[in-house]
Amino acid sequence: MPELPEVESVRRCLEPRVRGALITEAQFLDPRSLPGDCPAKARAWVTGKTIEGLNRLGKYLVFHLAGGHYMVVHLRMTGRLYTMDTAESAGLVKLAAVFRLDNGTTLCFQDTRRFGTIYLGSDELFHSIGGLQRLGPDPTASDWDHRAWAAQLQKRRAPVKSLLLNQQLLAGLGNIYADESLFCAGIHPRRPGSSLTDADLRRLASCIRSILLDAIEHEGTTIRDFRNGYNQTGSFQGRLQVYRRTDQPCRHCGKPVEKLKLAGRSSHFCPACQKELPPW
DNA sequence: GAGAGCCTGGCG
DNA sequence: CGCCAGGCTCTC
């Protein structure tokens with residue numbers, strides 16, 4: 001569910017409400033969200049620690065805790081992380097974890113499909129979490145070296161859509177924004193990375209950046225499950241051009257949007273605006 | 001590369 | 001009932 005803009009929206013909501021706060025009480029209600037840790041041990045570990053800051057690395061949220069400790073959260077498909085006033089939080093059901101803070105805030109972690117994960121530890125976490133240690137560059141960073149990224153893609157024969165989903169090459173795109181970026185750049189999702197010209201990749205890099213930044217401004221896309229750090233929906237769903245618009249007219253040329261399966265995921269594209277023809 | 005698996009719930 | 005879903009990992 002959450003891709004870079006959704007995770008960033010969560011981070012921006014939460015950061016001012018958790019920074020500087022002490023965790024006075026924690027409950028881990030679903031052991032599956034704690035790979036390698038047990039709930040009792042995790043509870044004792046986080047209780048009494050102060051949250052010094054909240055960063056984002058790709059789709060990971062990183063809580064910086066006093067003493068060089070970290071709590072890293074990945075929301076996967078249906079995870080929600082939001083705050084509410086502790087007074088309002090009584091009787092909440094189906095939470096995977098709850099944290100009470102000394103500033104009167106309660107931080108809730110909810111996850112219908114239970115793929116989401118919470119990792120606790122020190123510096124070694126960044127090596128032990130497989131997806132975190134080899135994370136590619138962040139396309140929303142002002143110093144993103146898109147030319148180096150483009151050169152990597154041109155070395156691969158895999159479909160460009162699969163390459164966009166590979167977090168080792170670029171951190172933050174998921175199925176929605178990969179499809180939207182390819183439409184914006186006029187590139188068919190099945191084109192091999194090695195077939196992309198420098199001009200294609202300059203266009204694609206520019207589309208990725210502008211779409212992600214625009215989606216952050218709109219607090220992300222809510223198809224069904226996504227909620228920001230205030231437990232509210234985003235609004236970028238109204239601006240989608242192809243994602244989940246199969247058989248509906250392309251907003252640019254009117255031809256019906258098509259769908260194909262790539263890397264086990266649906267890919268939505270306009271057959272006229274995103275041609276897959278020789279010379280590829 | 002592709003496919004299965006991890007889970008739950010909504011939809012046709 | 002079967003299919004599908006915003007992510008990621010692991011096996012063939």
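Lettering of chains follows the sequences in order, A, B, ..., and the numbering in each one begins at 1. Values in this document were obtained by computation on a predicted structure and should not be read as measured data.
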Short side-chain N/O contact to C:dG7 OP1/OP2 from A:His74, under 4.0 Å: no

Short side-chain N/O contact from A:Lys261 to OP1 or OP2 of C:dA5, under 4.0 Å: yes

A:Ile223 CD1 - B:dT8 C1' separation (whole Å): 18 Å

Under 4.0 angstrom between A:Arg114 side-chain N/O and B:dT8 OP1 or OP2: yes

Spacing of A:Asp225 atom CG relative to B:dC11 atom P, expressed in whole Å: 11 Å

Sugar-phosphate only, base, or nothing, as touched by A:Gly131 at under 4.0 Å among non-hydrogen atoms: sugar-phosphate

C:dA5 versus B:dA2 - spacing of their P atoms, nearest Å: 16 Å

Distance in angstrom units between A:Asp111 CG and C:dC8 P, rounded: 13 Å

Residue whose nearest DNA chain C nucleotide is more 5′ - A:Tyr60 or A:Tyr243: A:Tyr243

Residue pair A:Glu3 / A:Asn175, side-chain donor-acceptor N/O under 3.5 Å: no

Between C1' of B:dC6 and CZ of A:Arg76, the distance in whole Å: 10 Å

Any A:Ser266 side-chain nitrogen or oxygen under 4.0 Å from OP1 or OP2 of C:dA5: yes

Rounded distance in Å between the P positions of B:dG9 and C:dC8: 22 Å

d(CG, A:Asp179; C1', C:dG6) in whole Å: 11 Å

Residue pair A:Val7, A:Val10: steps toward the side-chain contact (heavy atoms from CB on, under 4.5 Å) verdict: CA-CA 5 Å; A:Val7 179; A:Val10 170; 5.5 Å; no

Charged tip of A:Lys41 within 45° of A:Trp45 ring normal and under 6.0 Å: no

A:Phe226 ring over C:dG6 six-membered base ring, under 5.5 Å and 30°: no

Whole angstrom value for the distance that separates P of C:dG7 from CG of A:Leu170: 14 Å

Distance, rounded to the nearest Å, where A:Leu75 contributes CG and C:dC8 contributes P: 10 Å

C:dG6 OP1/OP2 closer than 4.0 Å to side-chain N/O of A:Arg244: no

Close aromatic pair by centroid cut-off 6.0 Å: A:Tyr70 and A:Phe126: yes

Rounded interatomic separation in angstrom, taking CG from A:Leu262 and P from C:dG7: 15 Å

5′-ward residue of the pair A:Ala158/A:Lys94 relative to DNA chain B: A:Ala158

Exam field: side chain A:Ser206 to backbone A:Arg202, donor-acceptor pair closer than 3.5 Å: no

Assigned partner base of B:dG3, Watson-Crick or wobble definition, under 3.5 Å: C:dC10

Sulfur-sulfur distance A:Cys184/A:Cys207 under 2.5 Å: yes

Sugar-phosphate, base or nothing in reach of A:Ser162, heavy atoms under 4.0 Å: nothing

C1' gap between C:dC1 and B:dC6, integer Å: 22 Å

Pi stacking test for A:Phe115 and B:dC7: under 5.5 Å apart, planes under 30°: no

Base of B:dC7 paired with side chain of A:Arg113 (donor-acceptor, under 3.5 Å): yes

Distance below 4.0 Å between A:Arg265 side-chain N/O and C:dG7 OP1 or OP2: yes

